[in-house]
Amino acid sequence: MKCASVAIIGRPSSGKSTLINTICESKVSITSPTPHTTRNAIRGIYTDSRGQIIFTDTPGFHISEKKFQKRMQDITVASLEETDAVLYLLDATRKPGSEEDAITYMLSGLSVPVVCCINKKDILTDRQIADAEEYLKRSMPGRTILTASAKDDDGVDEILIELFKHAPEGELLYDEDARTDQDLEFRVSEIIREKAMNSVTAEIPYAIMVEVSDLEYNEAENKVWVRAFITVERESQKGIMVGKGGENIKKIRIASFKDIKKIFPSSKLELDLRVRVNGKWKSNDMILSKVFKETQA
Ligand SMILES: Nc1nc2c(ncn2[C@@H]2O[C@H](COP(=O)(O)OP(=O)(O)OP(=O)(O)O)[C@@H](O)[C@H]2O)c(=O)[nH]1
Ligand SMILES: [Mg+2]
């Protein structure tokens with residue numbers, strides 16, 4: 001049996017979380033078109049007859065001269081050295097710029113194996129693929145270069161084949177059915193954050209936080225009860241999040257319900273979802289309780 005830890009690295013929105021979800025065949029890490037969607041190092045676990053790969057989905061690597069960012073980069077480099085391999089995802093819909101240069105420079109100094117993958121093949125022109133390959137050959141000489149579409153599950157088996165080549169022999173670290181090590185509250189809150197982020201535009205996605213305050217299982221009724229709060233920074237953002245007549249929060253609730261249900265397929269689910277500003281209770285409670293009743297499946 002083989003067992004490896006693999007860190008996925010790449011610029012914001014390169015498709016790191018999408019790839020983890022495709023590989024793990026479940027929503028392990030949330031995705032959205034907004035850069036910096038992933039805020040924590042999230043683990044996705046893949047197991048087959050070859051062994052196990054434990055992926056770490058990292059927040060998009062963003063280069064900056066600022067001290068804090070510099071420190072984050074140092075932490076990233078140190079944590080990469082502790083993995084068995086690094087999977088570098090390059091989104092070739094954008095021309096490699098200084099950020100990509102910073103990543104390849106950092107990766108070229110690593111002693112662990114690095115597998116490069118050009119993602120979003122489904123929307124790339126032959127020219128874009130050729131340019132990205134040339135860039136990677138130049139800046140990452142000697143490293144394997146693959147091409148895939150994380151979204152369409154195309155070329156993903158080849159990524160696994162390559163990573164298993166670098167995996168050391170070892171016992172499985174997680175149960176073979178495990179997909180992630182996140183606790184239930186976190187998974188539920190991330191699903192809601194994804195639906196909330198994808199329901200609004202502009203800068204609001206960055207103001208969104210989700211907290212699951214209660215998650216209870218009633219054995220007699222075989223029912224899971226969840227109460228969660230979407231927290232935003234300003235009253236105006238709350239208005240947008242709730243939407244006219246509660247339209248938007250209703251949409252978020254229905255979409256969240258569908259995905260949370262997949263975690264508890266054989267239980268009834270009750271989801272009480274509310275919006276608040278900075279953790280304090282404000283207006284709109286009437287609308288919300290109405291929406292709650294209307295959308296309760
Ligand atoms: N067409 C296409 N879109 C993709 C592919 N992979 C990811 N995307 C889209 O790219 C956007 C960003 O994907 P994410 O998986 O959230 O990207 P990420 O690298 O995790 O981003 P951060 O967490 O912000 O660093 C989403 O809208 C995805 O649907 C792909 O293979 N093809
Ligand atoms: Mg992500």
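As the structure is a computational prediction, the values presented were derived from the model and not from experiment. Order of appearance sets the numbers: ligands from 1, and atoms from 1 within every ligand.
Looking at Pro35 against ligand 1, only its backbone comes within 4.0 Å, counting heavy atoms. The proximity of Asn119 to ligand 1, defined as any non-hydrogen pair under 4.0 Å, is limited to the side chain. Contact annotation for Thr38 and ligand 1: heavy atoms of both the backbone and the side chain come within less than 4.0 Å of the ligand. Contacts between His36 and ligand 1, counted as non-hydrogen atom pairs separated by less than 4.0 Å, involve the backbone only.
Checking each of Ile23, Val28, Ile20, Asn21 against Arg179 for a side-chain contact (heavy atoms from CB on, under 4.5 Å) leaves exactly one that passes, namely Val28.
If you number the atoms of ligand 1 from 1 as listed, the ones under 4.0 Å from a heavy atom of Ile123 come out as 1 (N).
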key: Pair Glu176-Thr47, side chain to side chain donor-acceptor pair (under 3.5 Å): steps then yes or no   = CA-CA 6 Å; Glu176 58 187 79; Thr47 313; over 6 Å; no
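A salt bridge between Asp259 and Lys195 is present, with a side-chain N of the basic residue lying under 4.0 Å from a carboxylate O of the acidic one.
The closest approach between Ser32 and ligand 1 falls below 4.0 Å for a heavy atom of the residue.
In summary, Ser17 places an N/O/S atom under 2.8 Å from the Mg ion (ligand 2), meeting the contact criterion. Residue contacts to the Mg ion (ligand 2): Ser29 brings no N, O or S atom closer than 2.8 Å.
Inclusion of Pro12 in the set of residues having an N or O under 3.5 Å from an N or O of ligand 1 is not warranted. Geometrically, ligand 1 and Asp57 share no nitrogen or oxygen pair separated by less than 3.5 Å.
A donor-acceptor contact under 3.5 angstrom links the side chains of Gln182 and Thr180, judged on distance only.
Here atom 18 (P) of ligand 1 lies nearest to Lys16 when heavy atoms of Lys121, Lys151, Lys16 are compared.
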